[in-house]
Protein chains: 2
Amino acid sequence: MAAVENVERAQSQTVTALLALRDLIVNGELKSGDRISELVMVERIGVSRTPLRTALVKLEQEGLIEEIPSGGYAVKAFSEADVFDAIEIRGTLEGLAARYAAERGVAQMRLAELRRCVETIDNTIHTDHMNDADFQTYLHANERFHALLAELSGSPALIREIERVARLPFASASAFVLAEASLPESQRILIIANEHHRAVVEAIENRESARAEAIMREHARLSHRNLMLAMRSQKTLDLVPGSALIRRRA
Amino acid sequence: MAAVENVERAQSQTVTALLALRDLIVNGELKSGDRISELVMVERIGVSRTPLRTALVKLEQEGLIEEIPSGGYAVKAFSEADVFDAIEIRGTLEGLAARYAAERGVAQMRLAELRRCVETIDNTIHTDHMNDADFQTYLHANERFHALLAELSGSPALIREIERVARLPFASASAFVLAEASLPESQRILIIANEHHRAVVEAIENRESARAEAIMREHARLSHRNLMLAMRSQKTLDLVPGSALIRRRA
DNA sequence: AGAATTCATTCTGTATACAGAAATACGAAA
DNA sequence: TTTCGTATTTCTGTATACAGAATGAATTCT
């Protein structure tokens with residue numbers, strides 16, 4: 001078992017505990033339903049109970065763990081429906097962000113940034129076989145595109161909410177990239193996704209707010225399809241971040 | 001200054017601290033930008049620092065306070081735009097909830113509950129002058145309607161998110177009721193709002209999902225109008241819960 | 001008088017001690 | 001062997017002590 005270590009030296013104990021706990025949960029070392037014993041975690045992570053408890057409160061707000069009536073916390077379990085809904089919520093909020101961007105207008109410089117992301121993604125996916133470096137580049141550009149879009153809404157509250165729902169690992173923008181790669185439909189899906197990106201940039205530029213909103217909603221529905229495909233076998237599901245939290249129905 | 005007391009005896013210190021702090025912030029005793037001194041609050045609320053800090057972490061997640069870079073928390077300030085956006089986010093999420101309810105179908109019994117809320121509201125607003133009891137009845141029925149609608153989505157994640165955004169006092173379902181009452185347009189607005197309620201129930205019953213979604217979005221836009229009306233004078237703005245957090249622009 | 005610097009105070013982040021409640025294991029009785 | 005009751009252990013919620021950092025005040029120098 002890998003020891004949990006501080007990668008960064010300058011961070012607070014609370015952040016250390018938060019990252020370590022999130023890691024343990026997402027990687028499945030703490031399984032759904034498991035009670036999280038504070039003393040065990042104190043030993044394992046190497047912080048005292050105070051920052052650990054602070055981290056637990058934050059994780060509960062994030063939705064990864066839930067309070068046990070008799071006290072303490074347990075790791076949450078997610079059904080396929082839960083994941084589906086989380087994706088739809090993200091799509092709805094990103095749709096609102098795109099609409100705001102289109103209605104309120106954005107500087108050409110920011111649009112150019114979006115276009116650069118689209119180009120970068122184009123360059124990585126139009127190849128016969130993506131290697132690890134391609135994946136990293138793709139992941140980064142995709143995350144950046146979605147983060148940028150949220151920012152362009154100009155609404156701090158909306159940015160916050162999108163970040164919150166995207167913090168559920170299986171609802172993040174790039175949750176299904178790895179799973180996709182192992183599918184035969186892989187390249188086609190990535191091409192379609194990037195076409196959505198291209199179209200929403202165009203819609204924002206033309207101030208077509210309804211179109212911008214609809215595109216981002218449809219974009220999230222690609223994730224719905226990926227989810228269904230990934231759920232078909234444990235092998236592909238294992239490639240989805242946070243898959244340890246998802247219980248497949250019998 | 002009213003002393004902060006435990007109303008319920010059986011609740012935890014953390015809950016005591018949370019309720020007390022929320023009260024102080026919403027009622028404006030702690031003003032926007034004020035640093036929240038833990039020791040002062042310990043003295044004022046009568047709990048130790050540990051549960052107080054837990055409550056602070058939760059309030060930060062709720063969005064009422066924010067971390068100060070150098071440590072500690074300060075009460076957040078909200079612009080008119082922030083409030084506007086919070087209302088729009090709530091409307092968008094409630095729209096999604098209504099759509100889910102329509103798509104997935106709900107039992108007649110639950111629909112009947114919704115209709116009872118609509119009737120109750122009808123009975124309270126079709127009178128020349130609403131008294132305090134009418135207000136309380138209205139408030140209760142309105143909150144219940146919105147809570148029920150969230151439930152009917154059948155999505156725990158969505159219920160959670162709606163509850164979260166509605167926890168901002170000025171974004172709650174009934175935030176503008178008191179302010180409305182002091183406006184000449186008062187009764188007309190309440191009648192329109194309840195017509196929205198009636199229409200969304202009908203849409204859900206007929207499985208008209210797009211209509212159900214659109215209605216709830218439009219419903220939230222009534223709050224937009226109320227916000228603008230309330231912002232015109234400090235007197236009406238003071239009637240909005242959490243108004244102390246809203247700074248009117250010069 | 002104004003600015004800079006130093007010192008004292010205050011505050012937060014963290015660790016730890018303690019008490020009451022919950023969970024578990026053990027033993028006795030049917 | 002199974003079930004019920006009891007005792008022990010473990011756990012969480014809370015209070016508090018401590019250290020380093022930040023803030024503010026006072027003093028000194030220009």
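A note on names: the letters A, B, ... follow the listed sequences, proteins ahead of strands, and every chain is numbered from 1. Note that this is a predicted model, so its numbers are computed, not measured.
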Exercise. In Å, rounded to the nearest 0.5 Å, how long is the span from CG of A:Asp82 to OG of A:Ser79?
Worked result: 3.5 Å
For a 4.5 angstrom cut-off between non-hydrogen side-chain atoms, does [X] reach [Y]?
X        : Y        : answer
B:His146 : B:Asn142 : yes
A:Leu64  : A:Pro169 : yes
A:Tyr73  : A:Leu21  : no

For this session: Would you grab the first and last nucleotide of DNA chain D (5' to 3') that comes under 4.0 Å of any non-hydrogen atom in chain A?
Result: D:dC11 to D:dT14
Sugar-phosphate only, base, or nothing, as touched by [X] at under 4.0 Å among non-hydrogen atoms:
X       : value
B:Ser70 : sugar-phosphate
B:Leu56 : nothing
B:Thr14 : sugar-phosphate
A:Thr54 : nothing

Problem set entry | Test item: side-chain donor near acceptor, B:Asp238 and B:Gln234, under 3.5 Å | yes
For this session: Let me see the working for B:Glu88 and B:Arg221 under salt bridge (charged side-chain N to carboxylate O under 4.0 Å, His left out), right down to the final yes or no.
Result: CA-CA 7 Å; B:Glu88 186 77 7; B:Arg221 285 176 189 131; 3.0 Å; yes
Exercise. Shortest non-hydrogen contact from B:Cys117 to B:Arg144?
Worked result: SG-CG, 3.7 Å
Exercise. Starting at the 5' end of DNA chain C, which residue's closest nucleotide do you reach first, B:Glu38 or A:Arg35?
Worked result: B:Glu38
Exercise. Between the two ends of the helix from C:dA1-D:dT30 to C:dA30-D:dT1, what is the bend in degrees, rounded to 10 degrees, where each end axis spans five pairs?
Worked result: 10°
Seminar exercise, completed: Here the side-chain hydrogen bond (donor to acceptor under 3.5 Å, both in side chains) pairs for residues 154-167 of chain A, sequence neighbours left out, are A:Ser155-B:Asp85
